[in-house]
Amino acid sequence: MLKIKNLHVSVEGNEILRGLNLEINKGEVHAIMGPNGSGKSTLANVLAGKEDYEVTAGEIIYKGEDLLEMSIEDRSREGIFMAFQYPVEIPGVSMINFLKTALNANREYHEQKKMSAREILKLVREKAKLVEVDDEFLRRAVNEGFSGGEKKRNEILQMAVLGFQLAVLDETDSGLDIDALRIVSEGINQLRGEDNAFVVVTHYQRLLDHIVPDFVHVLYNGAIVKSGDKNLALELEKEGYAWIKEEAAAAS
Amino acid sequence: MKTKQHFISIFDEMANEDALKDIRKQAIDTFSQLEFPTRRHEEWKYTNINPIIQKSYTVEENCSVSQETIDGYILGETPGNILVFVNGIFNEELSHIENSEEIIVSNVKGALQKHGEKVTQFVENTTDKEQIFSVLNTALLQDGVFIQVPKNKVVEKPIFVVNVSDSEQQFIHNAKNIIDVGENSQVNIVETYRHGKDSAYFNNITTDVFVAANAHVQHVRLQMESKKAYQITTLNIRQQKDSTYTSVSVDLGGAIVRNNINVDLQDSNIESNLYGLYLGKDEQLIDNHTFIDHAKPHCNSNELYKGILDDKARGVFNGKVLVRQDAQKTNAFQSNQNILLSDNAGVDTKPQLEIFADDVKCSHGATVGELDEGAMFYLRARGIGEKEAHSLLRQAFVGEVLEFVKQDSLREKLEEIVMSHF
């Protein structure tokens with residue numbers, strides 16, 4: 001589904017990613033861990049198409065196509081869903097109006113008939129159960145005045161309503177208390193399927209207790225320096241990143 | 001001096017034989033003693049009115065407008081009274097006045113014939129002898145609306161005032177509107193200014209609203225004058241205790257537009273809301289000057305003015321709130337927010353608070369920025385195309401002003417007009 005080869009990315013002249021390689025297939029969950037500043041969020045932002053990130057070398061192939069050539073909106077329409085670390089507040093745009101506009105923009109792209117307001121409301125209400133939000137939530141402006149937990153639940157709600165093939169969760173667990181974490185991760189688990197895949201960027205092992213990954217990668221100094229299964233995350237939780245840094249230093 | 005002479009000669013050429021003869025004469029005498037403001041005046045620092053006062057104008061030209069055109073200018077579904085003015089001249093055929101023994105809904109000329117003395121008094125009392133555009137308005141007064149609602153009357157349907165300007169000529173038109181709302185009464189007034197040909201006419205309008213105790217007034221104004229036209233409006237609101245006045249004002253047209261709004265809160269427990277929206281393109285200049293005078297305790301005033309400016313358009317917001325010593329427990333909030341879509345567009349914003357009471361809650365603020373890039377990215381990352389994302393954000397921005405229009409059909413129609421203006 002996704003192949004990242006030798007990816008080099010600079011932000012304002014500073015090279016953040018330095019030859020990152022990653023391959024993700026349908027049905028897989030990949031966790032990306034690593035110390036602060038290792039490039040985790042940069043990877044997520046490049047996948048979403050955020051400007052100010054300059055790809056200086058390498059390629060990203062998504063479903064056989066050059067992802068870097070695709071517009072931000074087309075990436076979404078082609079099934080990449082980015083759950084943001086800091087979802088943006090949009091005053092004056094109600095959740096339901098936002099979801100309606102996004103859903104119909106996606107449907108139009110796929111040459112499907114637009115859905116009526118009633119059909120959309122029905123769909124959204126059904127998906128809203130997944131993250132335990134009510135109609136009042138849908139009337140509020142997008143993320144405006146939402147608590148940290150509500151913002152993250154909102155990301156998962158959008159993921160459920162709009163659908164996706166590859167979900168990129170950028171520190172979705174940061175700042176969540178245990179109840180919010182449970183709701184968010186249960187929502188995610190229900191959306192897991194054989195035809196989709198997840199990239200879970202996280203600082204903490206705690207999320208991976210709930211969303212069990214197939215692969216764990218350690219990102220350090222802009223490249224993946226170690227990969228393993230879920231046990232690698234447990235080891236990092238116990239030992240920290242010092243030994244990774246030592247190994248990386250010895251290898252170079 | 002030369003420019004003033006032109007307006008005086010217009011006065012001399014007008015037939016001044018009606019009941020207002022003496023008042024007009026006084027007004028033109030006062031006019032000749034006052035001076036037009038220049039940019040050296042603090043209140044006119046950002047707005048140069050020379051293009052307006054240096055032109056030569058003609059007076060009155062009738063023009064026919066079809067019923068369909070007028071119907072298209074009615075906002076919302078259920079109009080009650082409709083007063084139509086074409087180039088400042090009242091058009092009885094296109095108007096629709098619901099007969100009522102108690103409520104007066106009329107043009108000023110008609111009201112003068114029927115209620116002579118009362119109307120004359122109002123005209124005299126609403127002429128501000130220190131304001132040159134007010135005395136000019138009275139001196140050259142042609143017509144306007146006269147609405148008087150007695151005590152304890154709820155006027156259910158909005159009263160529409162449709163002003164159409166359509167002329168080859170550069171004409172000047174001075175309209176005086178008087179709205180007098182009695183105790184415990186309620187009224188909803190919708191003014192619209194539309195145009196046919198794109199000529200450089202000048203509408204100098206004054207509106208005085210008297211809101212008696214416990215009366216409630218909603219006043220919506222949609223200004224879509226020609227892009228070459230000038231409009232100077234002076235809106236004076238006098239409120240008695242327990243009353244509410246809400247103005248929602250939308251400026252889309254005009255080359256130079258100046259709105260002076262003065263709200264006089266004369267007693268306690270009054271609520272005054274001023275909301276404004278302005279969209280400027282090309283070289284338009286839209287200037288909103290508001291002054292809210294809190295004299296007594298327990299009153300609230302809310303002001304929100306939002307503008308989107310493109311090309312070389314300029315916006316001005318100058319909002320002054322005065323809280324006098326007796327006006328304890330005042331809540332006064334003021335905000336001016338602007339989005340600039342072009343590097344050449346600009347805004348001068350000056351929120352001012354003058355507070356002489358010590359137990360008050362007041363705030364003011366102004367922002368000038370671009371469309372939120374973070375929000376744009378977020379919308380596009382959900383599959384919404386760039387154009388549609390832009391439109392959604394603009395709609396959200398303007399929606400925060402239009403949401404104060406209570407009636408759904410009226411608000412939706414305004415929203416549609418504003419959105420199609422982009």
Side-chain angles (χ1 to χ4, degrees), chain A residues 44-53 70-95 97-110 112 114 141-144 151 154-155 157-164 167-168 170, chain B residues 248 250 275-279 302 304-308 333 335-339 341 365-405 408 411-412 414-416 418-419 422:
Chain A
N45 283 324
V46 169
L47 290 174
K50 194 146 182 138
E51 283 157 19
D52 310 327
Y53 290 82
M70 289 164 72
S71 69
I72 301 161
E73 50 269 37
D74 282 353
R75 293 179 197 207
S76 163
R77 293 160 177 173
E78 287 293 343
I80 294 185
F81 186 91
M82 170 83 182
F84 289 97
Q85 183 180 3
Y86 303 113
V88 179
E89 299 194 5
I90 313 180
V93 179
S94 72
M95 276 300 302
N97 187 22
F98 163 64
L99 289 170
K100 187 180 93 186
T101 310
L103 197 59
N104 277 333
N106 276 282
R107 292 179 69 86
E108 199 178 347
Y109 175 80
H110 292 289
Q112 292 165 314
K114 284 193 176 186
V142 180
N143 293 320
E144 193 184 34
K151 283 184 179 166
N154 188 16
E155 295 296 287
L157 172 65
Q158 293 169 42
M159 194 163 106
V161 169
L162 301 175
F164 64 96
V168 182
D170 188 8
Chain B
V248 180
V250 179
Y275 304 116
L277 182 66
Y278 45 98
L279 307 184
N302 298 292
L304 176 64
Y305 276 79
K306 299 184 87 171
I308 302 181
F333 305 107
S335 171
N336 173 231
Q337 300 169 18
N338 299 280
I339 290 180
L341 297 177
T367 60
V368 181
E370 296 165 4
L371 267 188
D372 185 346
E373 278 180 39
M376 271 299 289
F377 180 73
Y378 192 80
L379 294 172
R380 292 180 68 193
R382 297 297 178 251
I384 300 171
E386 203 171 354
K387 222 175 131 188
E388 201 174 357
H390 255 136
S391 157
L392 199 60
L393 291 181
R394 286 173 185 172
Q395 194 174 358
F397 187 80
V398 304
E400 288 188 314
V401 170
L402 298 180
E403 73 180 11
F404 293 109
V405 176
D408 292 342
R411 184 183 54 248
E412 282 160 16
L414 276 171
E415 209 169 69
E416 191 188 311
V418 169
M419 287 310 292
F422 282 110

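Below, chain A is the first sequence line, B the second, and so on; all start at residue 1.
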Problem set entry | Toward chain B, the part of Ile90(A) with a non-hydrogen atom under 4.5 Å | side chain
Problem set entry | Option that, when pairs with chain B are counted at under 4.5 Å, heavy atom only, ranks first among Leu162(A), Leu103(A), Asn106(A), Thr101(A) | Thr101(A)
Exercise. Has Lys50(A) got its NZ or CZ under 6.0 Å from the middle of the six-membered ring of Phe377(B), at an angle within 45 degrees of the ring axis?
Worked result: yes
Problem set entry | Proximal component of Asn143(A), with respect to chain B [non-hydrogen, under 4.5 Å] | side chain
Exercise. Using non-hydrogen atoms only, which part of Asp74(A) is less than 4.5 Å away from chain B: side chain, backbone, both, or neither?
Worked result: neither
Exercise. Pick from Gly374(B), Ala396(B), Gly383(B): which one has the most heavy-atom pairs with chain A under 4.5 Å?
Worked result: Gly383(B)
Exercise. Quick one: OG1 on Thr367(B) to CG on Asn336(B), what's the gap to the nearest 0.5 Å?
Worked result: 7.0 Å
For this session: Test the Arg382(B)-Phe81(A) pair against the cation-pi criterion, namely NZ or CZ under 6.0 angstrom from the six-membered ring centroid and within 45° of the ring axis.
Result: yes
Exercise. Parallel under 30°, tilted from 30 to 60°, perpendicular over 60°: which one fits the rings of Phe84(A) and Tyr378(B)?
Worked result: tilted
For this session: Take Tyr305(B) and Tyr278(B) through the test side-chain contact (heavy atoms from CB on, under 4.5 Å) and record every step on the way to the result.
Result: CA-CA 8 Å; Tyr305(B) 276 79; Tyr278(B) 45 98; 4.2 Å; yes
Exercise. Does a salt bridge link Lys306(B) with Glu400(B), judged by any charged N lying under 4.0 Å from a carboxylate O?
Worked result: yes
Problem set entry | Interface moiety of Glu386(B) toward chain A, non-hydrogen atoms closer than 4.5 Å | both
Problem set entry | Interface moiety of Tyr86(A) toward chain B, non-hydrogen atoms closer than 4.5 Å | neither
Problem set entry | Residue selection (most heavy-atom pairs with chain B, distance under 4.5 Å) from Gly92(A), Ser76(A), Pro91(A), Ser94(A) | Ser76(A)
